[in-house]
Each structure stands twice: as C-alpha cells, then as structure tokens.
Visitor: 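The following block contains the structure, expressed as structure tokens.
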Amino acid sequence: MNMYARLAGTGGYLPQKILTNHDLEKQLDTSDEWITTRTGIKQRHIISEDESIVSMAEIAAKEALKNAEVNAQDIGLIIVATCTPERAFPSSACLLQERLQIPACPAFDVMAACAGFSYALHIANQLIQAQQIRYALVIGSEAMSRLVDWQDRSTCILFGDGAGAVVLKADNTPGILASQISADGQYSKLLYTEKGNNQALYRGYIQMQGSEVFKIAVKTLSHLVEEALHLAGLRSDQLDWLVPHQANVRIIEATARHLKLSPEKIILTIAEHGNTSAASIPLALHQGICDKRIKPGQHLLLESFGAGFTWGSAVIRY
Ligand code: UT7
C-alpha cells in the first residue's frame, strides 16, 4: 500500500522585539519608501539575547504538536533547517530533541539557506513514503539578525528572525503530492557569508549581489513552479494557494504572474516578517492555516530559493 506524508499541524514563533523601517531610517541612510517599494517589507522581528534558534524552534514545535494532536514521544524524525545554528554541534535538532524529550530517533540540521525548509520537508517526505517513519517534526528556525552587518543598508533591511514548525504524519491518502530540491554551486559568490574570525567561526556578515540574485531567482522559480505542478499532475488553475519563501514581494509576484495566479492566492508575510530564511515558508503556512484561509482539501504550492544557489518546492493537498 502506498504511504504519503500529510500535514498534521503547524506552529510558529516570532520574537517580541519589532524593528520597523522607520526605526531603520534613524540609524541608516535609507527610507521606509525605498524598503517598501523595493522589497515589500515594513518591519521584522528581532531575537533577544537570551533566546536562541533552539528556544524559538521549541515554542513553534510545541504548538505544531498540539495542533496535530501528536505526542512528542511519537515523533520518529526531527529536522531543523537553519543557517544560523548556535553551535557546530550538537545539532539544533538534537538540542531540540532534549528539550522536547523525544525518544531516540534520527535528528539533524539541514543547511540550505533560504531553501532549507524545502530541503527538510523533501527529506521527511521521502522517509515517510519509504515507510521508515510515521511522524516527523520539520522546522525552520533562524536568527538572521545575528548574521547581518547593521551598517550595510543593502542587506540588513531585508532579514528578520523567527521559527515555523510542521508535524507530518504517514497516511494512506496524499498529502504531499510532489516535492523536489536542487542546487547549483556555481553561483556561490553572489550570496554568501564572509569567513568570519576565530570567535565567530563561520559567522561573517552576509554579502549579496542583490540585483543578480533577483534576476536568477525569478528565472529559476518560474521553471521550478512549472516542474512542481507537472510532478504533482496539477494545472495552475487547480492551485488554491502559493506559499512562497518571502525574500522580496516583487520576486513572489513575478512567480505568481508566471503561474497566472491572482495576488489574492498568495500567502504573504513579508511585510510583517521580512526574510526569515528557512523559517519563512512554515511561518506563512502556519499563518494561512491559523486564519483559516487554507482549508482542508485545498492545493498549496510551496517554493523557495536561496544562497548556494539552492531551491526547492512541494505541492500539498491540505
Ligand atoms: O532569500 C535569499 C535570496 N535573496 C533574494 O532573493 C534577494 C534578491 N534581491 C533583491 O531582493 C533586491 O535586489 C534588493 C531588494 C536586495 C535590492 O533591490 P534592487 O532594486 O535590486 O536595488 P539595487 O541593489 O540595484 O540598488 C539600487 C540603488 C543603489 O543606488 P545607486 O547605485 O542606484 O545609486 C543602492 O545603493 O538603491 C541603493 N540602495 C538603497 N537605498 C536606500 C541599496 N539599499 C538601499 C537601502 N535604502 N536600504
């Protein structure tokens, strides 16, 4: 009998501190008008000193487990997508496993930058389809504010912090209809972090050739969403929601136009969250489900693009 991964529950966490464009105007040569028109971002949440990507992941995961009505003891796989882990090891996933008292099971981090959640979801989907596990906890948790140079107006205005979580369960009916991931390392010099110093290990600041990244993102995502629909056997008019990675509203709208999808069918969080990297898709998914826009039986297309370059997609029947 075929087995599929179904979305059983979602959760999210955003730090309390909010940094608005107007706040940034006071410390940088920028303006609310520039940031809003070029990116769609109005504010972002900033992690506090006593929080970590694991503490944020814990809150999001507990909410996802509660909404899924699944016990932590039943989880058979933990994947945390992050490019801002607190430590090289143990992995964030193992630290989370301890906090949630999840019994022995595979637990590891995935580092695929802004496409991290797509990677984690794809791996969990494969393991559920292969009937290796029944329940998976898949999380994106990021502290991007600790990775940006707050003097660099071309990058620091873009990013925010937060965590999103989903619980997947094995089921006889789909679920995730198709998922795919890929990468092309020849573009590694267009978006990267500097080497950093001994203290910070790999924690150098983000460097980005923004307009080049923008053009390749739009082109790659156009192909990606077409391929995703083809793999799922759906037409774009059968899609109910686009749940995209939130890097730039102009990139998202270009992808929606390519799909001939009206703007009302996009779950957008970028204005309030900024780019939370691997956390952006699960946070958007959680928002759409919480406010009841996403309804059972509907078709969702998730897509992401990030440093590497990396990219990924999933088509889901909720
Ligand atoms: O999530 C991972 C993937 N990341 C992305 O997908 C990001 C893709 N790139 C982008 O979203 C856009 O390229 C940005 C939002 C980063 C930049 O927008 P842009 O329209 O490509 O602007 P630009 O970099 O070409 O810069 C235009 C001008 C420049 O001034 P000059 O050279 O024309 O005089 C910049 O110096 O805007 C200037 N600028 C700013 N001005 C005010 C750059 N940053 C700012 C700022 N405030 N914060």
Side-chain angles (χ1 to χ4, degrees), residues 19-44 81-84 110-119 140-145 147-162 164 181-185 187-193 205-225 242-256 258 268-271 273-284 302-313:
L19 187 69
T20 66
N21 292 349
H22 293 295
D23 294 330
L24 286 170
E25 277 176 348
K26 292 176 200 142
Q27 58 200 60
L28 285 167
D29 179 16
T30 190
S31 65
D32 173 53
E33 202 263 330
W34 192 95
I35 301 171
T36 306
T37 52
R38 300 281 177 135
T39 71
I41 299 166
K42 296 296 283 184
Q43 62 169 51
R44 65 289 289 145
T82 188
C83 58
T84 51
V110 161
M111 196 184 277
C114 295
F117 184 77
S118 297
Y119 269 64
S141 187
E142 299 275 25
M144 299 305 286
S145 65
L147 210 55
V148 295
D149 176 357
W150 286 101
Q151 311 299 318
D152 178 4
R153 67 175 186 171
S154 69
T155 54
C156 75
I157 53 114
L158 299 170
F159 295 97
D161 304 331
I181 51 174
S182 193
D184 190 343
Y187 296 110
S188 62
K189 290 184 182 62
L190 292 181
L191 176 52
Y192 61 95
T193 59
Y205 293 135
I206 294 174
Q207 303 293 329
M208 176 164 72
Q209 311 242 344
S211 57
E212 285 308 303
V213 177
F214 187 100
K215 280 182 246 163
I216 301 169
V218 169
K219 205 170 149 200
T220 306
L221 288 168
S222 298
H223 292 306
L224 181 70
V225 292
L242 178 65
V243 188
H245 167 52
Q246 319 267 327
N248 187 317
V249 76
R250 293 184 291 138
I251 296 176
I252 297 170
E253 285 170 356
T255 307
H258 189 80
L268 278 178
T269 55
I270 189 162
H273 301 179
N275 179 351
T276 57
S277 185
S280 79
I281 291 179
L283 276 168
L302 283 48
E303 48 83 346
S304 59
F305 180 87
F309 290 141
T310 50
W311 59 90
S313 71

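Just so you know, ligand 1 is whichever comes first in the structure, and atom 1 is the first atom listed for that ligand. All heavy atoms count here, side chains included; hydrogens, waters and symmetry mates do not.
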Visitor: What is the nearest protein non-hydrogen atom to atom 25 (O) of ligand 1, stated with its residue, atom name and distance?
Guide: S211 CB, 4.2 Å
Visitor: Take atom 18 (O) of ligand 1 and look for protein heavy atoms under 4.0 Å from it; say yes if you find one, no if not.
Guide: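 Yes, there is a protein heavy atom closer to it than 4.0 Å.
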Visitor: Can you name the closest pair of heavy atoms from H273 and R44 and give their distance?
Guide: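 In terms of heavy atoms, the two residues are closest at O-CB, 3.7 Å.
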Visitor: Which heavy atom in S304 sits nearest to a heavy atom in S118, and how many Å separate them?
Guide: OG-OG, 2.6 Å
Visitor: Below 4.5 Å, heavy atoms only, C-beta onward: do Q209 and L191 meet side chain to side chain?
Guide: no
Visitor: Please report whether ligand 1 has a polar contact with G210, defined as an N or O pair separated by less than 3.5 Å (distance criterion only).
Guide: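 Such a contact does occur with ligand 1.
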Visitor: Counting only heavy atoms on the protein side, is anything nearer than 4.0 Å to atom 47 (N) of ligand 1?
Guide: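 Yes, at least one protein heavy atom sits under 4.0 Å from atom 47 (N) of ligand 1.
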Visitor: Please confirm whether I35 comes under 4.0 Å of ligand 1, counting heavy atoms of the residue only.
Guide: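 Judged by the 4.0 Å heavy-atom criterion, I35 does not count as contacting ligand 1.
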Visitor: Apply salt bridge (charged side-chain N to carboxylate O under 4.0 Å, His left out) to residues R153 and D29 and explain how you reach the verdict.
Guide: CA-CA 7 Å; R153 67 175 186 171; D29 179 16; 3.5 Å; yes
Visitor: Nearest protein heavy atom to atom 20 (O) of ligand 1, by residue and atom, and its distance?
Guide: R38 NH1, 2.8 Å
Visitor: Is there a protein heavy atom less than 4.0 Å away from atom 29 (C) of ligand 1?
Guide: no
Visitor: For ligand 1, which atoms sit closer than 4.0 Å to a heavy atom of A247?
Guide: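 In order of numbering, the contacting atoms are 1 (O), 5 (C), 6 (O).
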Visitor: With side-chain contact (heavy atoms from CB on, under 4.5 Å) as the test, pick out the partner of D161 among S145, S277, S141.
Guide: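 Of all the options given, the one that passes is S145.
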Visitor: When you measure from atom 5 (C) of ligand 1 to every protein heavy atom, which one gives the shortest distance, and what is it?
Guide: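 Of the protein heavy atoms, V213 CG1, 3.7 Å lies nearest.
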Visitor: Any idea which protein heavy atom is nearest atom 14 (C) of ligand 1, and the distance to it?
Guide: N248 ND2, 4.4 Å
Visitor: For atom 15 (C) of ligand 1, which of the options N21, I41, L221, T39 provides the nearest non-hydrogen atom?
Guide: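 Heavy atom nearest to atom 15 (C) of ligand 1 belongs to T39.
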Visitor: Give me the nearest non-hydrogen protein atom to atom 6 (O) of ligand 1 as residue plus atom name, then the distance to 0.1 Å.
Guide: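 Among all protein heavy atoms, the one nearest atom 6 (O) of ligand 1 is I251 CD1, 3.3 Å.
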Visitor: Judged on heavy-atom distance to atom 16 (C) of ligand 1, which of E33, M208, H245, Q246 sits nearest?
Guide: M208
Visitor: Checking a contact table here: which protein heavy atom is nearest atom 39 (N) of ligand 1, and how many Å away?
Guide: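 Residue, atom and distance for the closest contact: W34 CZ2, 3.4 Å.
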Visitor: At their closest point, which heavy atom of G306 faces which heavy atom of A113, and how far apart are they?
Guide: C-CB, 4.5 Å
Visitor: State, without any angle test, whether N248 and T39 hold a side-chain donor-acceptor pair at a distance under 3.5 Å.
Guide: no
Visitor: Taking 4.0 Å as the limit for heavy-atom contacts, which would you say applies to N275 with ligand 1: side chain only, backbone only, both, or neither?
Guide: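 Only the side chain of N275 comes within reach of ligand 1.
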Visitor: Counting heavy atoms only, which part of C114 comes closer than 4.0 Å to ligand 1: side chain, backbone, both or neither?
Guide: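 Side chain only; the backbone of C114 stays clear of ligand 1.
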Visitor: Does a side-chain heavy-atom distance below 4.5 Å link W34 with N21?
Guide: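 Answer no - side chains too far apart.
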Visitor: Going by distance only, is there an N or O of R153 that falls short of 3.5 Å from an N or O of ligand 1?
Guide: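 There is such a contact, yes.
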Visitor: Looking only at non-hydrogen atoms, find the nearest pair between V225 and H258 and report the distance.
Guide: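 Heavy atoms only, the tightest pair is CG2-CD2, 4.3 Å.
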Visitor: Could you measure the distance from the CZ atom of F117 to the CG atom of L283? Nearest 0.5 Å is fine.
Guide: 9.5 Å
Visitor: Determine, counting only non-hydrogen atoms of the protein, whether one lies under 4.0 angstrom from atom 33 (O) of ligand 1.
Guide: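 When distances to the protein are checked, atom 33 (O) of ligand 1 has no heavy atom within 4.0 Å.
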Visitor: Going by atom types alone, do E142 and T82 pair a side-chain donor with an acceptor below 3.5 Å?
Guide: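 Checked: E142/T82 side chains pair up, N/O donor to acceptor below 3.5 Å.
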